[in-house]
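This report refers to the structure that appears directly beneath it.
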Amino acid sequence: MTQDSGAAIKLTIEDGVAVITVDNPPVNAISQAVRQGLVDAIKTVAADSSIQAAVIRGAGKVFIAGADVREFGKPPVEPFLPDVIAAIEACDKPVCAAIHGVALGGGFEIALGCHFRVMDAKARVGFPEVNLGLIPGAGGTQRLPRLCGVEKAADLVTSGRQVAAKEALEIGLVDAIAADGDLLSAAKTLGLSKAGAPLPRISEMTVPAAAADFFTTEKTRVTRAARGQHSPLRALEAVEAAATLPFAEGMKRERAIFQELRSSDQAKALRHVFFAERAVSKVPGLEDAKARKLDTLAVIGGGTMGAGIAVACLRAGYPVTMIEADDAALERGRANVDKNLEGFVSRGRLSNEAKAEHMARLSGSLDYNALKDTDLVIEAVFEDMGVKKIVFGKLDAAMKPGAVLATNTSYLDIDEIAAATKRPGDVIGLHFFSPAFVMRLLEIVRPAKTTDDVVVTGFALAQKLGKVAVLSGVCDGFIGNRILAKMRKQADYMIEDGALPWDVDKAVEAFGLPMGPFRVMDLAGLDIAWAQRKRTAATRDPAERYVDIADKVCEEGWFGQKTGRGWYVYEAGKPSPNTDVEKIILAESARKGITRRAIDVQEIQNRILYAMINEGARIVDEKIAARPLDVDMVEIFGYGFPRWRGGPLCTADIIGLPKVLDDIRALEKADPLFWKPSALLERLVADGKTFSDLNQ
Ligand code: 3HC
Ligand code: NAI
């Protein structure tokens with residue numbers, strides 16, 4: 001017999017077992033049709049005397065990926081998921097979940113409503129709701145502690161981490177792991193074997209007691225780890241309700257928290273990130289382009305970036321050739337790669353054998369002919385146009401037709417680099433962030449003549465390396481460093497106007513960035529930016545405000561962490577404010593005739609944020625970024641902008657663009673050159689639109 005409830009749920013009866021298949025591509029998200037279909041199927045199971053047990057499974061590549069995230073912005077529609085799960089659990093015939101792929105969020109909650117769970121060896125289960133600014137909202141926080149205790153439950157719901165089959169079995173989340181290819185029949189057999197026996201219902205179990213101070217210490221830990229994000233602590237609150245209240249009361253508490261969070265700004269921002277992360281690689285206009293062959297890679301230069309990029313490529317399984325200027329530099333480059341890989345070994349993330357296998361895939365040469373069969377090369381030599389042009393001339397001569405020639409330049413004009421070859425269509429920017437084997441962002445920078453298939457080859461490489469790639473046009477600093485420059489300028493202005501570096505850092509960190517701008521400068525080394533300022537001094541706009549404080553700090557030989565002194569003084573690696581810097585700052589304000597004034601946290605945060613928003617809007621308006629979401633992804637994955645704020649342009653939408661524009665206009669009165677509002681921002685406000693409208 002086959003019952004087809006909508007298209008989303010299919011029910012077949014095989015050997016007395018009802019096989020209920022959730023079929024809602026691509027990931028069986030729990031839409032209204034799925035919820036209704038499950039309720040109908042369970043009614044059939046109860047009513048049909050030929051059915052002795054039921055199995056719930058998913059069609060396609062996963063069991064069920066959770067509630068349909070697309071429905072979250074809209075009013076909830078019946079039947080509600082907690083009621084669907086209650087109906088499954090109340091069924092008086094055994095219901096067994098057959099989990100393959102993933103059972104996440106509401107999907108795992110459905111599995112916990114079943115009486116039994118069998119899992120494929122490669123499957124994973126978990127509650128990723130916190131990553132969407134939510135908590136499990138259909139009994140997950142109430143059933144999980146009853147099954148595996150509050151400690152494990154608190155870990156899983158507050159972290160959102162996914163659990164592999166072996167651990168799931170060990171901590172009691174599932175009853176069995178099926179042999180390869182045997183999942184459905186194992187679930188059917190288990191279900192049938194329990195027909196007529198008393199059924200375990202998790203809601204009827206008691207929660208094992210936790211240590212007396214568990215929730216107090218856990219709250220401190222979770223708050224610290226969440227860095228301003230609300231959902232993890234709220235998830236813990238729901239687990240605490242499971243430990244202190246009867247099941248029905250706990251369910252009410254969980255639902256109330258879920259509903260409250262669902263409409264919160266953080267949930268909106270995190271939903272934006274969820275979809276933006278997936279949309280960012282789908283660039284409008286590139287749908288038909290095909291990536292070129294990508295089997296062998298090379299880097300030119302084995303310094304910080306060249307070696308880092310080599311490690312990222314070796315970790316992804318590629319053979320990598322490194323070209324350096326001389327034997328000693330090549331030896332250093334190899335040693336840099338070795339040291340980076342050793343870092344993975346010492347953290348237990350790579351075995352010694354695997355490291356040796358990685359190193360065996362790295363070959364080095366001084367001769368560009370070693371690249372004649374290479375598919376894609378990434379140049380990471382000194383940031384000097386003359387040197388880069390010579391290197392690209394050599395690459396042009398040595399590489400096969402169809403190879404992709406990429407540069408990792410931070411600021412240089414890639415059109416000019418491309419013009420040093422006879423194949424500008426094959427040249428592209430692949431701007432990695434340091435350390436290249438850690439940072440998720442890759443800016444793919446597209447000069448005028450680059451062909452579409454070269455651009456999508458960049459995206460294909462990013463995917464292989466596990467990176468989030470964002471397409472950028474050519475401009476000074478591309479998307480990320482261009483915004484960074486504006487934000488740093490505001491930081492400089494503020495210390496001359498009255499704040500101190502540690503005030504700025506503290507305010508920026510309280511906003512949610514991992515490190516304030518002055519701490520970041522100390523970490524990167526002040527000398528690099530100093531050299532850049534000296535190089536560009538002659539071409540600087542004389543009308544623009546220039547703050548000399550950083551130059552004076554460098555003149556003292558204080559280059560940051562590496563010299564033990566910069567904006568901060570470092571003792572045993574710990575920073576404390578450099579009081580001598582404070583003297584320089586006060587003297588500079590006095591020299592410029594500036595009466596220093598108190599700048600409060602809110603003003604610091606606004607000036608940093610609005611500088612980012614205004615420049616981000618200009619970048620979109622100039623089509624350097626295709627959409628506002630591209631700017632948001634750069635800031636989140638390259639600069640640590642808090643995910644739960646959704647990126648600067650999502651934050652602007654949440655504040656409300658009319659207010660953002662008013663605030664910028666107020667700042668403009670004191671500094672018209674810096675704060676000229678972006679024309680796009682003005683147009684959006686005039687039309688009553690948002691940045692989000694431009695993402696659609
Ligand atoms: N709702 C709606 N759409 C979803 C979805 C969901 N829960 N999960 C994935 N999708 C969509 C994606 O947007 C994507 O759409 P696109 O092709 O149009 O871009 C498509 O499904 C495929 O997704 P991925 O590209 O991510 O595919 P992968 O194979 O890489 O990963 C996955 C599959 C592991 C299931 C991953 O998509 C994932 O982690 N999904 C989110 C799971 C999640 O957060 N679940 C919790 C939801 S909240 C909840 O359940 C609340 C409950 O407690 C009441
Ligand atoms: P680095 O100074 O650490 O390394 C440069 C390497 O290039 C040196 O090992 C040098 O021997 C080698 N080299 C110089 N000329 C060469 C030539 N003609 N042929 C072969 N090798 C040559 O510099 P780093 O920091 O690795 O920067 C490299 C590039 O990456 C620059 O363009 C820089 O702007 C960019 N970049 C740097 C980032 C960073 O955080 N350091 C971040 C993103 C991009």
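Note that ligands are numbered from 1 as they come in the structure, with each ligand's atoms numbered from 1 the same way.
- Residue Pro26 places a heavy atom under 4.0 Å from ligand 1.
- Closest to atom 16 (P) of ligand 1, if we only count protein heavy atoms, is Lys282 NZ, 3.6 Å.
- Surrounding CD of Gln463 are at most 12 heavy atoms belonging to other residues, nucleotides or ligands under 6.0 Å away.
- The 12-atom threshold is not exceeded at NZ of Lys339, counting heavy atoms of other residues, nucleotides or ligands nearer than 6.0 Å.
- Ligand 1 lies out of reach of Glu71, whose nearest heavy atom is not under 4.0 Å from it.
- The closest protein non-hydrogen atom to atom 11 (C) of ligand 1 is Arg70 NH2, 4.2 Å.
- Looking at Ala67 against ligand 1, both its backbone and its side chain come within 4.0 Å, counting heavy atoms.
- Within ligand 2, the atoms closer than 4.0 Å to a non-hydrogen atom of Val391 are 18 (N), numbered from 1 in the order shown.
- Distances from ligand 1 to the non-hydrogen atoms of Val62 include no value under 4.0 Å.
- Contacts of Phe127 with ligand 1, taken as heavy-atom pairs under 4.0 Å, are absent altogether.
- Of all protein heavy atoms, the one closest to atom 9 (C) of ligand 1 is Val27 CG2, 3.4 Å.
- Listed by number with element, the atoms of ligand 2 under 4.0 Å from a non-hydrogen atom of Ala325 are 20 (C), 21 (N).
- For ligand 1, the atoms closer than 4.0 angstrom to any heavy atom of Glu109 are 52 (C), 53 (O), 54 (C).
- Distance remark: protein heavy atom not present below 4.0 angstrom from atom 23 (O) of ligand 2.
- Protein heavy atom at the shortest distance from atom 25 (O) of ligand 1 is Arg278 NE, 3.8 Å.
- A salt bridge links Arg143 with Glu89: the closest approach of a Lys/Arg side-chain nitrogen to an acidic carboxylate oxygen falls below 4.0 angstrom.
- Residue contacts with ligand 2 for Phe432 involve N, CA, C or O but no side-chain atom from C-beta outward (heavy atoms, distance under 4.0 Å).
- Listed by number with element, the atoms of ligand 2 under 4.0 Å from a non-hydrogen atom of Ile300 are 20 (C).
- Here the heavy atom of the protein found nearest to atom 1 (N) of ligand 1 is Val69 N, 2.9 Å.
- For atom 31 (O) of ligand 1, the nearest non-hydrogen atom of the protein is Lys61 NZ, 4.8 Å.
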